[in-house]
Amino acid sequence: MPSPLPDRYDFATEPATYQAWVEAGAFTAHPERSARVGGDRTPYAIVMPPPNVTAILHVGHGLNNTIQDVIMRWARMKGAEALWVPGTDHAGIATQNVVEKLVASEGHTRFDLGREAFVKRTEEFVAKTGGTILEQLRAIGASADWTRTAYTLSPELSVAVREAFVRLYERGLIYRGHRVTHWCPRCLTSLSDEEAEFNDEPGKLYHVSYPLADGSGRGLIIATTRPETMLGDVALAVNPNDDRYRDLIGKMVKLPIVGIEIPVIADDYADPAFGTGVVKITPAHDANDFEVGKRHSLATPVVIDEHGAMREVADADNRVPAELEGLDRFVARDRIVEMLRASGALQKIENHDHAVRHCYRCDTVVEPRLSDQWFVTMEPLAKPALQAVRDGAIRILPERWEAVYVNWLTNIRDWNISRQLWWGHRVPVWYCDECDPPQNIIVSRDDLTECPYCGCAVRQDEDVLDTWFSSGLWPLSTLGWPNEKAPDLQAFYPTDTLVTAPEILFFWVARMIMLGYEFEGRAPYHTVYLHGTARDTQHRKMSKSLGNGIDPMDVIKLYGADALRWTLIAGMGMGADVVLDPNDLDKSFATGRNFGTKLWNIGRFLLDRVGQEPVQPLASVDRASMTRADQWILSRLDAAIADCDRALGPLWPTTPHASADGRVWKESERYAGLKLNEYAEAARQFVWNELADWYLESLKARLDVPGADREVARSVLVYAFDQALRLLHPVVPFVTESLWQRLPGHEDGTLLVSASWPQALAAAPSRAAQEFEQVREVVLAVRQIRGDNSVAPGKMIEVVIRPAGGAERAPGELLQHELPTIGRLTRSEPRIAADAPTGAAAHAVLSGGTEVIVPLAGLVDIDKECARLRGEVAELEKQIPAREGRLNNAKYVERAPANVVASDREILQEMKTKRDQLVEKVRSLCGA
RNA sequence: GGGCGAAUAGCUCAGUUGGUUAGAGCACCUGCCUUACACGCAGGGUGUCGGGGGUUCGAGUCCCUCUUCGCCCACCA
């Protein structure tokens, strides 16, 4: 039994409410209920983008998970068997960096500890501090199924990772490649193309002269941004069609500093238009040069080591002078430039902006490095992933990201999946030193100690897999794959929607889709919802390093989780960034806090005036006994439900399709749904601007008088508020649940979280509802007149209502009936008149033609009123000729649709009538 | 360099296939401490729809162009 209602919503009760949901099993999914395995509910599943296991909650997580929670709660209320899978990502490189720093603070490197000890240390660290974020997600109300919490490095998921690797290898889609890849000299690992992020930076273009070896004194001038790599040069390349250098092809030049001779070769790679048209070829330190070198069978001397220091690593006999040995690449660059300048080889230095790749984890400038890595052949995987979006089996919201997705997949490049890290899934490959290729490489699902061919000892590959390889399997692995019989896999795969930020569209989303098709033949979900970024008022991305972030936990402490949620959801257009002020939480979250308070106060009013005695169910209340206001609010509720449903759209695609996915989005619904802010706004509009502002106000008198009418009012009010709480629950689950528990007649033990989504009652508003709408118009008109004429708020005024002629039902009768309401809502004494009163008066004409007249004698400054009326006339005098001109245009009348022309005529007529009335009024009031 | 998108109120954004007098939230201004709520109530739109040109009876909407901004991709050393 809930405690008596406090004056203020106490959000300190949120954890208890959350606990009640968990204890009721409200978030726990039941695979046997899924229609896919013979149950009676359509499944709806979301896999949570697993936060890094060491992460703590920031606004980005808050936004991401609130969106998911809104969708999950909505789906659950719609009757779906809802599953939201939570979990964390071991985040190989990120977590390893964190622990390395920890170890460094103790004066050690990971190499001091050794692999085994370091991994153990990391495991301990994760066990102790990891998963904090999952606790925090509970605080924001995330209705995830915690009985299924997953972790990318768990034994179960590791099985999936290994299975995936082996299957891809067996299909020939994983291969060992010897090539130049991105290398982070700080993290000491290779990176994928996606992990090496471009950054446009000002740089220099150095022009260096390479003299011909024939002693002719001629030379070739090359342009380079990275002179330090010249120690590894093996050739100069010119374009075969470049007449300037044709005669030099095949000649030798002398490599400055090193002093050896290298050939001039012809290759299309050299662009005659760039720089001098001559490019130096350094196969070991540039991915393009490596390709050129391969074409020309050139050597690959390595002159920069894994730390980014100059050193003779391989095939580099005496290329690195002693004075450069061991120098960092950037220090070496300066030194080399000096040496070139001293020798006269340096021709000039130009400023040159170019894109430099940085490590996405530590921001170190990436060094291209020649190494052996495992790659996934992407093109065959990309094909179905592309087709899925083209067919509409998958939609990406907002729509514009589909083009980005398609573009990337169309030009996809192979994926480097091996990392020279210790934290992660070890590559399931073993090497036998005794066997000959190809038997010396064994890929295995099980750990091996001896070679299956010769029986001697084998050693496992030292590398681990890219973190994104395991997260790419997330929708599969968390549901039990590769066990095809796993109940969750059968019941919930494919899942439904994926909610994430666009930054990881390629890192993660595209790869999940590709792997989903590869291993299950189906897309992992039908909807990808990409949301915006949390930014500060200067539109800078919120980040730890900038110190402009907002801690969601602070917001929850100050205003409660609902305030946070409402602010994020209601203030966010699809895919648009959320702008918040980290220096003014009060202002930033006022919307959410205020809305929660408003809801609470509606609840207080209701409980105070309606009482705790059960109400008659609405279905048993005779429509005839309802007032116009009752019918009006019920029709507004229907409209609100329809608006919410429209904004949210269908839960899943409904059009059957021959593809493996079975269903595709039809064009009309493809980009229509999940407009969460529109949904929130529609619900807010109803509960605040209609239920509270009008219905509640109109009810005050009725609730004070015992009797049959009071009972009707109680039923309608409780019904309408109950439905409103349901509509709002997905966004503000805590406050709605607390209020719902206290509704009169509430059945003990039932929870709003498991209640059903509202359904509209009637197709069209009844006449009584429309009549209340007219009354509302009168009130609005009177308020406006009061405001325009600065009538003191406390002042009672007389309002004269002149019904329009020819109305089907005498509006006078209707208005008479509602006069008590009008009077109370406007502080006025209305009366009905057949004729307009004489003397100065303010008029308003309602949509049906009914006139509202407020005699102004003694109320207002007549001069001011005259000025206002004259202004109105002038405005109309301006608009009328424009419209007349249009109607006099023969082509317009002839070609525009008849209804447009007709309404145009009507408007013109109305304007003229209104002008005439105003002119008449000005004459009588002001005498001119 | 290629591609995509955006430009509408002070801010964040809606604005369906061209069609009546361009909307919402927040902010702001005015007046109210009316017994659910000042975290509230009532009233108020503050706009050459980025500039220019075109198509059309009619353009915020379609076309061209210019300007500015954002995002994604990319091997000009």
Side-chain angles (χ1 to χ4, degrees), chain A residues 5 7-9 193 198 205 222-226 229 237 269-271 273-276 278-282 286-292 352 354-355 368 398-405 407-408 411 502 505-506 537 539 559 563 570-574 576-579 586-587 590-609 668 672 675 677-678 680-681 684-685 692-693 696-697 700 780 783-784 786-788 790-794 824-827 875 879 882-883 886 889-897 899-908 911:
Chain A
L5 208 61
D7 284 356
R8 286 272 159 119
Y9 170 57
D193 294 338
F198 276 114
L205 195 55
I222 59 96
T224 180
T225 55
R226 304 192 55 211
T229 64
Y269 167 63
D271 175 1
F274 186 87
T276 60
V278 186
V279 57
K280 64 189 209 54
I281 302 300
T282 321
D286 184 285
N288 299 304
D289 292 6
F290 181 75
E291 294 305 315
V292 175
H352 177 71
H354 62 147
E399 188 183 354
R400 63 173 179 274
W401 288 104
E402 284 187 358
V404 176
Y405 173 91
N407 183 43
W408 186 75
N411 304 304
L505 182 59
F506 307 138
T537 47
H539 287 197
Y559 316 113
M572 171 202 64
M574 185 184 285
D577 292 341
V578 177
V579 179
D586 218 45
K587 188 179 167 194
T591 342
R593 182 200 56 183
N594 295 355
F595 182 62
T597 307
K598 184 69 182 182
L599 267 186
W600 190 252
N601 281 314
I602 294 170
R604 281 176 64 208
F605 170 88
L606 185 145
L607 292 174
D608 182 46
R609 302 298 189 85
S668 62
K675 308 227 161 116
N677 58 323
E678 288 179 21
E681 173 56 19
R684 190 200 71 88
Q685 189 93 28
D693 288 351
L696 241 50
E697 292 299 331
K700 284 180 173 168
L780 288 171
R783 282 178 184 167
Q784 190 178 340
R786 292 185 72 109
D788 287 347
S790 308
V791 177
R824 208 185 42 68
L825 291 174
T826 63
R827 294 210 165 223
E875 185 58 30
Q879 288 172 7
R883 197 164 293 268
R886 188 192 308 171
N889 182 331
K891 280 186 181 171
Y892 168 65
V893 176
E894 185 188 323
R895 298 188 196 178
N899 59 326
V900 172
V901 178
S903 75
D904 210 21
R905 285 220 168 86
E906 252 173 64
I907 290 164
L908 179 62
M911 282 175 157

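In the text below, chain A, chain B and the rest are named by the order of the sequence lines, each starting its count at 1.
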Nearest to the A:R783 side chain among B:rA42, B:rG25, B:rG19, which nucleotide is it? B:rA42
Selection from B:rG43, B:rG19, B:rC73 that lies nearest to any side-chain heavy atom of A:W408: B:rC73
Counting any heavy atom closer than 4.0 Å, what does A:Y269 reach on the DNA or RNA strands: base, sugar-phosphate only, or nothing? base
What is the distance, to the nearest angstrom, from the CG atom on A:N407 to the C1' atom on B:rG1? 14 Å
From B:rU12, B:rG5, B:rC72, pick the nucleotide closest to the side chain of A:V579? B:rU12
Out of B:rA77, B:rA36, B:rC13, minimum distance to the side chain of A:I602 belongs to B:rA36
Side chain of A:N601 - closest among B:rG25, B:rC4, B:rC37: B:rC37
Are any side-chain N or O atoms of A:N407 and backbone N or O atoms of A:A403, one a donor and one an acceptor, separated by less than 3.5 Å? no
For A:D586 and A:R593: C-alpha separation, side-chain torsions, deciding distance, then whether salt bridge (charged side-chain N to carboxylate O under 4.0 Å, His left out) applies. CA-CA 9 Å; A:D586 218 45; A:R593 182 200 56 183; 3.6 Å; yes
Derivation of the salt bridge (charged side-chain N to carboxylate O under 4.0 Å, His left out) call for A:E681 and A:R684: CA-CA 5 Å; A:E681 173 56 19; A:R684 190 200 71 88; 3.1 Å; yes
If the P atom of B:rU21 is compared with that of B:rA59, how far apart are they to the nearest Å? 11 Å
What's the closest nucleotide to the A:V404 side chain, out of B:rC72, B:rC76, B:rG43? B:rC72
Of the options B:rA77, B:rG40, B:rA36, whose atoms approach the side-chain atoms of A:H354 most closely? B:rA77
Of the nucleotides B:rA36, B:rC37, B:rA14, which one has an atom closest to the side chain of A:T597? B:rC37
If the cut-off is 4.0 Å, is A:K675 near the phosphate of B:rC13, judged by side-chain N/O to OP1 or OP2? no
Closest of B:rC4, B:rA36, B:rC26 to the A:T591 side chain is B:rC26
B:rC75, B:rU12, B:rC72: which one has an atom nearest the side-chain heavy atoms of A:F198? B:rC75
When you check the side-chain N and O atoms of A:R886 and A:N889, is any donor under 3.5 Å from an acceptor? no
Using the P atom as the point on both nucleotides, what is the distance between B:rG58 and B:rG19, in whole Å? 15 Å
Any N or O donor-acceptor pair under 3.5 Å from the base of B:rC37 to the side chain of A:K598? yes
Does a distance-only test, which skips hydrogens and angles, find a donor-acceptor pair under 3.5 Å between the side chain of A:E681 and the base of B:rA14? no
